[in-house]
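Taking it in order: structure first as structure tokens, then the write-up.
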Amino acid sequence: MASVACFVEKYNFTDPKEARALQNFKTTAEKRGHTFNFMFRDNLQEISKHDALFIRATTDPLFTAYIVSKTAWEMGLKVVDDPKSIQICGNKIHLYSLFQKHNVPTIPTIFLNKDELHHKKIMSIFRTFGRPVVVKAPYTSFSRYVEKVACETSFREVTKKFFRKSDVLAVQEFMPTAFDWRVGVLNGEVLYVCKYMVPKGRWKHGAKRRGKPSFVW
Amino acid sequence: MSVNFKYDCYNTDHSISGVKCVLVVSNIDLTTNLPTMKPSKFLESSIKDFTLNINNDYRYLKTGYYVSLHAEILDNAVIPKSENILDAHRTPILLLRASKAGIPTFPYLVTSSVKQIISEIGFPVVVFAVNPFSYDGFKIAKNRSALYRAMKSLGMNYKFDICAQPFKSEIISFKSIFGKCELEGDVERISKKVYDVFKIPLCKLHVQLLKEKAYLCGLQPLENAELSPRDLQVLSEEISQLSKNGELLVG
């Protein structure tokens, strides 16, 4: 039987539902005969004592989750999410480039370099995609760092802010939707799909509908 | 959305006997005769060839990172690989992979807790940033208040963890160009080994010297202004040499 570490951050326990879900993981693992211990930032040196690592904190190369994942990977543990997946999925430029390479249908997207931010380029983007367009920082998740812009002034304002951290941004045609799908994949097999509803009157996630959760299982 | 970019290399004979043309992408003005391309042009192109990415700053989300990533998306062999860029600039991963490759390192602690550092390492301690944004690599703390200040600054107001290592002697920082440096002995060996593992053409390395033995502590990007004419010459010579050996050198 395996010793499983579950890397979590304090914020994972602020929502009672998430705290319960984490407890369910623990109970299920223990019922199956495994040991299951939560691991926080301050006891990362214990990674090597375990056989497997399950990450529940935000998986982004910017955060500790990547350090934890890569460390465990280098030490030979089984890791979910593995570092390569974090590298790809935590960066929208990487992700959309792979979509384009493998002909996965996506919203029309271009990548904008810091050096290209000039009037001619902005006008050409508006001509290609129409107005408004959506500007995304590569490290976006749950609609954070995603903005809709319809004129050159707001385009410059938003890109200037996002260019502080990343030298390349994604710009997309605006395609309104009432929902999108989150698909959970493990070992190449689909585990679940989850419908994420966009709150009424809004164009992106990040807000609850009158206190109700914005996703439907 | 990529466009085809017409590259001089394909119109003139720059290739060297039997070796495919090396595409040098650089934000630095090199003195080499090899054709070079600016990163912004390369990012718009779809040239398929062995790519040598020369940049003073390879940090995650910076142009140096995206050039390697773009080359990989095009299925090009590239130096350095995006994965190595990511790992080399995160001190705990740098030290872990380096020690696995036999490079001497000190034990380290990844944490955001001052208390833990004091109880497990004590003073003096050297603190490295783990966040990918910091340019200046480290701070030395000899007491509790200095440690608090270092952690606040390098942890970006405690948002990110830091990597703490015991401070046992002086720290030497030096430029490493394709693994070559101006120092000799143990330090030179570390520089070469770090290049062998991570293949970062241009960086600054930090080592601690203890009883004439060098221990790797950290790696950080270089400022463009830190490159002297002599460095540019070494860099250009190394690039010319690499272009002769071509793809065989991609690890």
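Just so you know, these numbers use all the heavy atoms, side chains as well, and skip hydrogens, waters and symmetry mates. Throughout, protein chains are lettered first and strands after them, A, B, ... in sequence-line order, and every chain is numbered starting at 1.
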Using the test side chain to side chain contact (heavy atoms under 4.5 Å, CB included), find all partners of A/Met175 that sit at least two apart in sequence or belong to another chain.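 Partners of A/Met175 under the side chain to side chain contact (heavy atoms under 4.5 Å, CB included) test: A/Ile107, A/Pro108, A/Glu173.
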Heavy-atom count check: over 12 atoms from other residues, nucleotides or ligands less than 6.0 Å from [X] [atom1]?
| X | atom1 | value |
| --- | --- | --- |
| A/Arg131 | CZ | yes |
| B/Asn157 | CG | yes |
| A/Trp203 | CH2 | yes |
| B/Lys139 | NZ | no |
| B/Lys192 | NZ | no |
| A/Tyr145 | OH | no |

Say whether, by atom type as modelled, one donor and one acceptor occur between the side chain of A/Arg41 and the main chain of B/Ser113 under 3.5 angstrom.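 Side chain of A/Arg41 to backbone of B/Ser113, a donor-acceptor pair under 3.5 Å: no, none is there.
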Choice from A/Asn43, A/Val168, A/Asp115, A/Thr64 maximising heavy atom contacts with chain B below 4.5 Å: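 Of A/Asn43, A/Val168, A/Asp115, A/Thr64, A/Val168 has the most heavy-atom pairs under 4.5 Å with chain B.
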With a 4.5 angstrom heavy-atom cut-off, is it the side chain or the backbone of [X] that approaches chain B, or both, or neither?
| X | result |
| --- | --- |
| A/Asp42 | both |
| A/Leu44 | side chain |
| A/Tyr139 | side chain |

So, taking the atom named [atom1] in [X] and the one named [atom2] in [Y], what distance separates them when rounded to the nearest 0.5 Å?
| X | Y | atom1 | atom2 | answer |
| --- | --- | --- | --- | --- |
| A/Phe111 | B/His70 | CZ | NE2 | 9.5 Å |
| B/Tyr66 | A/His94 | OH | NE2 | 10.5 Å |
| A/Phe63 | B/Asn131 | CZ | CG | 10.5 Å |
| A/Ile67 | B/Ile93 | CD1 | CD1 | 5.0 Å |

Out of the candidates A/Lys70, A/Lys84, A/Gln87, only one should pair with B/Glu83 under the side chain to side chain donor-acceptor pair (under 3.5 Å) rule; please name it.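 Exactly one option meets the side chain to side chain donor-acceptor pair (under 3.5 Å) with B/Glu83, and it is A/Lys70.
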Where B/Phe160 and A/Leu62 come nearest, the two heavy atoms and their spacing: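 Looking at all heavy atoms of both residues, the shortest contact is CE2-O, 3.1 Å.
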Can you find a pair of side-chain heavy atoms, one from A/Pro61 and one from B/Tyr65, that are under 4.5 Å apart?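 Heavy-atom side-chain distance check fails, nothing below 4.5 Å.
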Would you call A/Pro138 and B/Leu61 a side-chain contact if the rule is heavy atoms closer than 4.5 Å?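 They are in contact (side-chain heavy atoms under 4.5 Å apart), so the answer is yes.
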Are B/Glu72 and A/Lys101 ion-paired here, with the side-chain N under 4.0 Å from a carboxylate O?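 No, B/Glu72 and A/Lys101 are not salt-bridged.
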Any residue of residues 158-167 of chain A which, by heavy atoms, sits under 4.5 Å from chain B: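 At a heavy-atom separation under 4.5 Å, chain B is reached by A/Arg164, A/Lys165, A/Ser166, A/Asp167.
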For residues 145-155 of chain B, give me every residue with a non-hydrogen atom less than 4.5 Å from any non-hydrogen atom of chain A.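 So no residue qualifies.
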Using heavy-atom distances under 4.5 Å, tell me whether [X] contacts chain A through its side chain, its backbone, both, or neither.
| X | answer |
| --- | --- |
| B/Ile73 | both |
| B/Phe133 | side chain |
| B/Gln116 | side chain |

Expected list for residues 100-110 of chain B: side-chain donor-acceptor pairs under 3.5 angstrom, two or more places apart:
| residue | atom | partner | partner atom | Å |
| --- | --- | --- | --- | --- |
| B/Lys100 | NZ | A/Glu74 | O | 2.7 |
| B/Lys100 | NZ | A/Glu74 | OE1 | 2.8 |
| B/Tyr108 | OH | B/Pro92 | O | 3.3 |

